[in-house]
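This structure is a prediction, so every number in the text was calculated from the model and none was measured. Just so it is clear, the values below take in all heavy atoms, side chains as well, and ignore hydrogens, waters and symmetry mates.
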Amino acid sequence: MKGKKTLVTGGTRGIGLSIAKHFYDQGAEVVITGTRPDGVSPDGITYLNIDFSDLPATEIFASEIAEMGFDILINNAGITRDGLVLRMEDEEWQSVLDTNLTGTFYFTRAVTRSMMQKRYGRIVNIASISGIMGNSGQANYSASKAGMIGFTKSVAKELAKRGVTANVVAPGFVTTDMTDALPENMRAELKKVIPVRRFGEPKDIADTVAFLASP
Ligand code: NAD
């Protein structure tokens, strides 16, 4: 990873922060994004404020990213707005699709040209087990994550001949703020169907992502 310019979206906490720290420890030059204007990052890591829920601003920001010549892009930023489809508001649907799927599209498009010119690039997108299995109360989130899986497979086919790989990781449940927000009884039920009877840790995902982003 030495000297590899790496962008991790949503790198302020949870899985994204674990990825950012791990890549930094491996010698990468790491930039993270987060939604807070006053956000901070660990020493040595650069912070950029960008909120994907403002899509026009995200698109403008992405064009700046295009100029920065990243070697590695990790599309990790993601949100949930859970609810049964019967009662799901347009805004709950759209905000999840915008942040998780359209944000991934904008950033991937932004880095593609310079990666193709360099004939080197690594793109790793963070989807979810919900995008494969579906999850009650997460129709919007599952659709966005299933979309990321199809998107990444297509990008992989477009870029493979130019030395650029695209992969997607679909984690099971991982201990972060996202899963801490689930009610305790739901977390207990979920653990019953996980063979090791516990959630994953962010570092488990960071190790997998590092392998997929390595030369
Ligand atoms: P988290 O809530 O702890 O962190 C989410 C990150 O996304 C934060 O850094 C935040 O700044 C960023 N973010 C949130 N809203 C944003 C917005 N509107 N614009 C830009 N960035 C925004 O979540 P996490 O559990 O670390 O999840 C990271 C990724 O992993 C997400 O894509 C999530 O869907 C996926 N995932 C998580 C789990 C899990 O169990 N935790 C399982 C499978 C997949």
Side-chain angles (χ1 to χ4, degrees), residues 1-12 15-34 41-42 44-50 52 55 57-78 98-128 131-132 144-171 202-215:
M1 301 281 181
K2 191 136 191 68
K4 290 276 185 283
K5 286 186 84 172
T6 303
L7 177 64
V8 183
T9 69
T12 54
I15 293 171
L17 179 61
S18 184
I19 294 170
K21 283 183 178 166
H22 189 48
F23 278 53
Y24 176 77
D25 290 345
Q26 304 282 317
E29 259 180 60
V30 182
V31 177
I32 61 171
T33 77
S41 55
I45 295 178
T46 305
Y47 177 81
L48 296 174
N49 170 222
I50 176 74
F52 287 15
L55 271 191
T58 304
E59 200 176 6
I60 292 166
F61 185 81
S63 60
E64 289 170 24
I65 289 294
E67 306 298 317
M68 294 168 76
F70 284 102
D71 303 292
I72 299 172
L73 169 66
I74 315 297
N75 281 303
N76 164 81
D98 285 354
T99 303
N100 299 2
L101 187 56
T102 309
T104 296
F105 161 57
Y106 282 168
F107 275 70
T108 303
R109 184 173 61 182
V111 299
T112 298
R113 190 182 305 277
S114 71
M115 285 183 178
M116 284 167 67
Q117 280 166 352
K118 279 195 274 191
R119 301 192 82 79
Y120 186 85
R122 297 284 177 265
I123 299 167
V124 184
N125 297 332
I126 310 300
S128 166
I132 298 171
S144 75
K145 295 299 184 178
M148 286 177 76
I149 293 170
F151 173 77
T152 312
K153 288 180 174 181
S154 301
V155 170
K157 290 186 173 178
E158 288 183 25
L159 302 182
K161 282 206 279 282
R162 308 294 192 102
V164 181
T165 65
N167 284 278
V168 57
V169 176
K203 181 66 165 51
D204 302 335
I205 312 305
D207 286 336
T208 306
V209 170
F211 167 68
L212 294 170
S214 68

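- Considering only residues two or more places apart in sequence or on other chains, F23 meets the ring pair (Phe, Tyr, Trp, His ring centres under 6.0 Å) condition with none of them.
- Put simply, CG on L159 and CZ on R122 are 11.0 Å apart, with the number rounded to the nearest 0.5 Å.
- Atom NZ of K4 sits in a crowded spot, with more than 12 heavy atoms from other residues, nucleotides or ligands closer than 6.0 Å.
- In terms of heavy-atom proximity, Y120 sits nearest to V164 at C-CG2, 4.1 Å.
- With R162 contributing its side chain and Q117 its backbone, the two residues share no donor-acceptor pair below 3.5 Å.
- With no hydrogens or angles considered, a side-chain donor-acceptor pair links T152 and N125 at under 3.5 Å.
- Listed for the D71 side chain is a donor-acceptor partner under 3.5 Å among the backbone atoms of K5.
- The six-membered or imidazole ring of F52 lies near that of F107, with a centre-to-centre distance under 6.0 Å.
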Steps toward side chain to side chain contact (heavy atoms under 4.5 Å, CB included) verdict (V169, V209): CA-CA 7 Å; V169 176; V209 170; 4.2 Å; yes
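- The CE atom of M116 lies 8.5 Å from the CD atom of E158; values are rounded to the nearest 0.5 Å.
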Yes or no on side chain to side chain contact (heavy atoms under 4.5 Å, CB included) for I19 and I15, after CA distance, side-chain angles and deciding distance? CA-CA 6 Å; I19 294 170; I15 293 171; 3.8 Å; yes
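- The two residues A20 and I32 make their nearest non-hydrogen contact at CB-CG2, 3.5 Å.
- Considering every non-hydrogen atom in both A28 and T6, the closest pair reads CB-OG1, 3.7 Å.
- The pair K21-D25 fails the salt-bridge criterion, with no side-chain N (NZ, NE, NH1 or NH2) lying under 4.0 Å from an Asp/Glu carboxylate O.
- Checking each of T108, V168, V8 against N75 for a side chain to side chain contact (heavy atoms under 4.5 Å, CB included) leaves exactly one that passes, namely T108.
- The two residues A170 and I132 come nearest to each other via the heavy atoms CB-CD1, 3.7 Å.
- A distance of 7.5 Å separates CZ of F151 from CD1 of I123, quoted to the nearest 0.5 Å.
- Closest non-hydrogen pair, L17 versus P42, comes out as CD1-CG, 3.8 Å.
- Crowding of K153 atom NZ: a count of heavy atoms from other residues, nucleotides or ligands under 6.0 Å not exceeding 12.
- S18 is linked by a side chain to side chain donor-acceptor pair (under 3.5 Å) to nothing, counting only residues two or more places apart in sequence or in another chain.
- In this structure, CD on E29 lies 13.5 Å from CE on M1, to the nearest 0.5 angstrom.
- Taking every heavy atom of both residues into account, A127 and P171 meet most closely at O-CD, 3.4 Å.
- One distance of note links OG1 of T58 with OH of Y106; it measures 7.5 Å at 0.5 Å rounding.
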Take L48 and I65 through the side chain to side chain contact (heavy atoms under 4.5 Å, CB included) test and state the conclusion after the steps. CA-CA 11 Å; L48 296 174; I65 289 294; 4.3 Å; yes
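- Judged by distance alone, the side chain of K118 and the main-chain N or O of G69 form a donor-acceptor pair under 3.5 Å.
- Side chain of T33 to main chain of N49: no donor-acceptor pair is present (N/O by atom type, distance under 3.5 Å, no hydrogens or angles).
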Take L212 and T165, measure what side chain to side chain contact (heavy atoms under 4.5 Å, CB included) needs, and give me the verdict at the end. CA-CA 9 Å; L212 294 170; T165 65; over 6 Å; no
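- Formation of a donor-acceptor pair under 3.5 Å by the N76 side chain with backbone atoms of I126 is not found in this model.
- With sequence neighbours excluded, no residue forms a salt bridge (charged side-chain N to carboxylate O under 4.0 Å, His left out) with R113.
- Taken to the nearest 0.5 Å, the OG1 atom of T112 stands 8.5 Å off from the CG atom of L73.
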